[in-house]
A.B. asks: 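Quick one: structure below, then a few questions.
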Amino acid sequence: MSDQELSQLLLEKLNLLQSPVVKINSLDFAQENQLDHQKVVGAVKSLQSLGELIKANQVESKRFELSNEGGQIVENGSHEFRVWSTIPMDGSILQSDLMKSIPDSNVARLGFAKAMSNKWITLDKSSGKPMVKRNASNVKDEIRVLLKLVQSGAATKLNDAQRNDLKKRKLIQEIVEKSYDVHRGSNFQTTIEKPETDLNAEMIAKGTWRTKTFKEYNFNALGIAPDRGHLHPLLKVREQFRQIFLEMGFEEMATNNYVESSFWCFDTLFVPQKHPARDLQDTFYLSDPAECKDVPYDYMERVRAVHETGGDCGSIGYQYEWKESETRKNVLRTHTTAVSARMLYKAAQQYQNSGSKKFRPIKLFSIDRVFRNETLDATHLAEFNQIEGVVADRNLTLGHLMGMTKAFFEKLGIHDIRFKPTYNPYTEPSMEMYSWHSGLGKWVEIGNSGLFRPEMLKPMGLPEDINVLGWGLSLERPTMIKYGISNIRDLVGHKIDLQMVYGNPVCILEPRQQQQKPVGATLSS
Ligand code: FB9
């Protein structure tokens, strides 16, 4: 029966009812017409949406139905009756045999106890062996009778004690059913005229709108979500990080140049020209334009000097022959620290060219793509987004670096971080940072940091007492952890499921309660 026909039948039944009780209960209506109650509820709801055709209010009705065990008893008789009837009419049986003769040991155990308490049987141990005998020549399986009543929907015939006893024995259970009492509405009629949902020109022209019924405007209805753009989770997390840096008074560096010269990507950062990070299998070199024309000459010579001999910053350098050709090679930047080097050099220039020789402290950040020709795996692609913070000021110390990174990660909800010494060609001392991740149940490496080397800062022309601290992390890792994504290919790349982008929740890097970390747990990257 279609919903339309079902609604029609309901209206006709309602129409036929004579007062005083002009009411149809959806559950009774479903049972009487062998209909699925949910379909009846559906019809009631759609009739309700047609205005004052009907009035329906939800009611709760309780009824009892048999549990599985109750069903078995109706089938096979109550446990106690089965025990009684297993005992030979005029004899006795060994208790253990009796128990064994009833397949379900649970039934045997419960039945025996109940038959004993009903004084239907007796247990005689006088012969040393427990013998069971009938104590009643015939018994009435009351329970079975009651359960049959419940099964036939006549649970009301049982008195409270009987019902509670069956409930206590988990043979029946009470079902609370929601149904609808349907009454004729103030605008009741048996013809379902689909109300108009729109007033159109023709109705106005012909005046037919006067006789039409119009569907109520449901001002709470959510409009159709307009097709709109969706921010990729990475961009949402990126925006959160940007806000954190801006809150901390950092300025954003311009990072809109993926191509860098080896000069800014490596040499200014005191990364020796033979450093493995500069190998082809780690860095993408450009074939066209292969070479960078504009390298600031004087500065370049100072960089050459610091690589070859340490220049004038109390270093011995790397004692190798530094090649200009190498420094001019264009690469896809492997880190945004290249941009930091540019910015620091620019600040040094401003300082050098400023009459006042006043150096204004610097707080800069960058979040953008960097490229590494790495072996691809579940967490590594040939590119990632690096987040970097740099602070240049007088007499900055390792303590400032630890304090700054602590403050930064606090805003991410990461409270106590651990520092582990590490090595970077451009910072000394350098530290990896770890935080205990309760979800993963382990220490997670959350970034890298250090104090930039004088071999990097001095050739730029920064004042002697200016120190520069820096730290970095990736954008992908926190985003994967935040959105519970374990494989980087589900986050970025042509294979991702766009639903993940359309449906991902807003990103709030809210501070979360840091769980106690187990003492002595080892730091793992
Ligand atoms: O992001 C990383 N881990 C991380 C960060 C946040 C996070 O958030 C969770 C919500 C709590 C979870 C994890 N890492 C840095 C650590 C590791 O994943 C590491 O294996 C991979 N690293 C990348 C480089 O891989 C070759 C992450 C990337 C990285 C590493 C170093 C820097 C930047 C990014 C740096 C730097 C630096 C150092 C000194 C001065 C200036 C910049």
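Atoms within a ligand are numbered from 1 in the order they appear, just like the ligands themselves. For the numbers below, each heavy atom of this structure counts, side chains included, while hydrogens, waters and symmetry mates do not.
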A.B. asks: For ligand 1, is there an atom lying under 4.0 Å from some heavy atom of Glu476?
C.D. replies: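 Heavy atoms of Glu476 never come under 4.0 Å of ligand 1.
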
A.B. asks: Which ligand 1 atoms, with their elements, are less than 4.0 angstrom from a heavy-atom of Phe452?
C.D. replies: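 Listed by number with element, the hits are 40 (C), 41 (C).
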
A.B. asks: Mind checking what makes ring-ring contact (aromatic ring centres under 6.0 Å, His included) contact with Tyr180, not counting sequence neighbours?
C.D. replies: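 Partners of Tyr180 under the ring-ring contact (aromatic ring centres under 6.0 Å, His included) test: none.
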
A.B. asks: Does ligand 1 have a heavy atom under 4.0 Å from the side chain of Glu445, from its backbone, from both, or from neither?
C.D. replies: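 For Glu445, the contact with ligand 1 is made by both the backbone and the side chain.
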
A.B. asks: Would you say ligand 1 has an N or O under 3.5 Å from any N or O of Arg477?
C.D. replies: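 Arg477 vs ligand 1: N/O contact under 3.5 Å present.
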
A.B. asks: Using 0.5 Å steps for rounding, measure from the CG atom of Asn448 to the OG atom of Ser474.
C.D. replies: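 With rounding to 0.5 Å, CG (Asn448) is 11.5 Å from OG (Ser474).
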
A.B. asks: Classify the contact between Arg372 and ligand 1 as side chain, backbone, both or neither, using a heavy-atom distance cut-off of under 4.0 Å.
C.D. replies: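 Only the side chain of Arg372 comes within reach of ligand 1.
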
A.B. asks: Pick one of side chain, backbone, both or neither for how Trp471 approaches ligand 1, counting any non-hydrogen atom pair under 4.0 Å.
C.D. replies: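 The answer is the backbone of Trp471.
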
A.B. asks: Is a side-chain N or O of Asn487 found less than 3.5 angstrom from the main chain of Arg489, in a donor-acceptor match?
C.D. replies: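 It does hold such a pair.
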
A.B. asks: Considering both backbone and side-chain atoms of Ser474, is one of its nitrogen or oxygen atoms within less than 3.5 Å of a nitrogen or oxygen in ligand 1?
C.D. replies: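 Yes, since at least one N or O of Ser474 sits under 3.5 Å from an N or O of ligand 1.
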
A.B. asks: Residue-level breakdown please: for Ile481 versus ligand 1, do any non-hydrogen atoms fall below 4.0 Å on the side chain, on the backbone, on both, or on neither?
C.D. replies: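 Answer for Ile481: side chain.
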
A.B. asks: Any idea which part of Ile414 is under 4.0 Å from ligand 1, heavy-atom wise: side chain, backbone, both or neither?
C.D. replies: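 Side chain only.
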
A.B. asks: Check for a donor-acceptor pair, side chain of His307 on one end and backbone N or O of Asp267 on the other, with a separation under 3.5 Å.
C.D. replies: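 The answer is yes, because a donor-acceptor pair under 3.5 Å joins these two groups.
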
A.B. asks: Does Asn424 use its side chain to pair, donor to acceptor, with the backbone of Thr427 at less than 3.5 Å?
C.D. replies: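 Flag not set: sc Asn424 to bb Thr427 has no pair under 3.5 Å.
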
A.B. asks: Any idea which atoms of ligand 1 are less than 4.0 Å away from a heavy-atom of Gly450?
C.D. replies: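 Contacts of ligand 1 toward Gly450, numbered from 1: 39 (C).
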
A.B. asks: Checking Asn467 side chain against Leu396 main chain: does a donor-acceptor pair fall under 3.5 Å?
C.D. replies: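 Flag set: sc Asn467 to bb Leu396 pair under 3.5 Å.
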
A.B. asks: Which atom names give the shortest non-hydrogen contact between Arg238 and Glu252, and what distance separates them?
C.D. replies: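 That closest heavy-atom pairing would be NH2-OE2, 3.6 Å.
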
A.B. asks: Go through the structure and list residues passing ring-ring contact (aromatic ring centres under 6.0 Å, His included) with Phe452, not counting sequence neighbours.
C.D. replies: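 If we apply the ring-ring contact (aromatic ring centres under 6.0 Å, His included) test to Phe452, skipping adjacent residues, there are no hits.
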
A.B. asks: Which is it for Pro478 and ligand 1 at heavy atoms under 4.0 Å: side chain, backbone, both or neither?
C.D. replies: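 The answer is both, backbone and side chain.
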
A.B. asks: I need the contact type for Ile387 against ligand 1. Using non-hydrogen atoms and a strict under-4.0 Å cut-off, is it side chain, backbone, both or neither?
C.D. replies: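 It is neither part, as no heavy atom is under 4.0 Å.
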
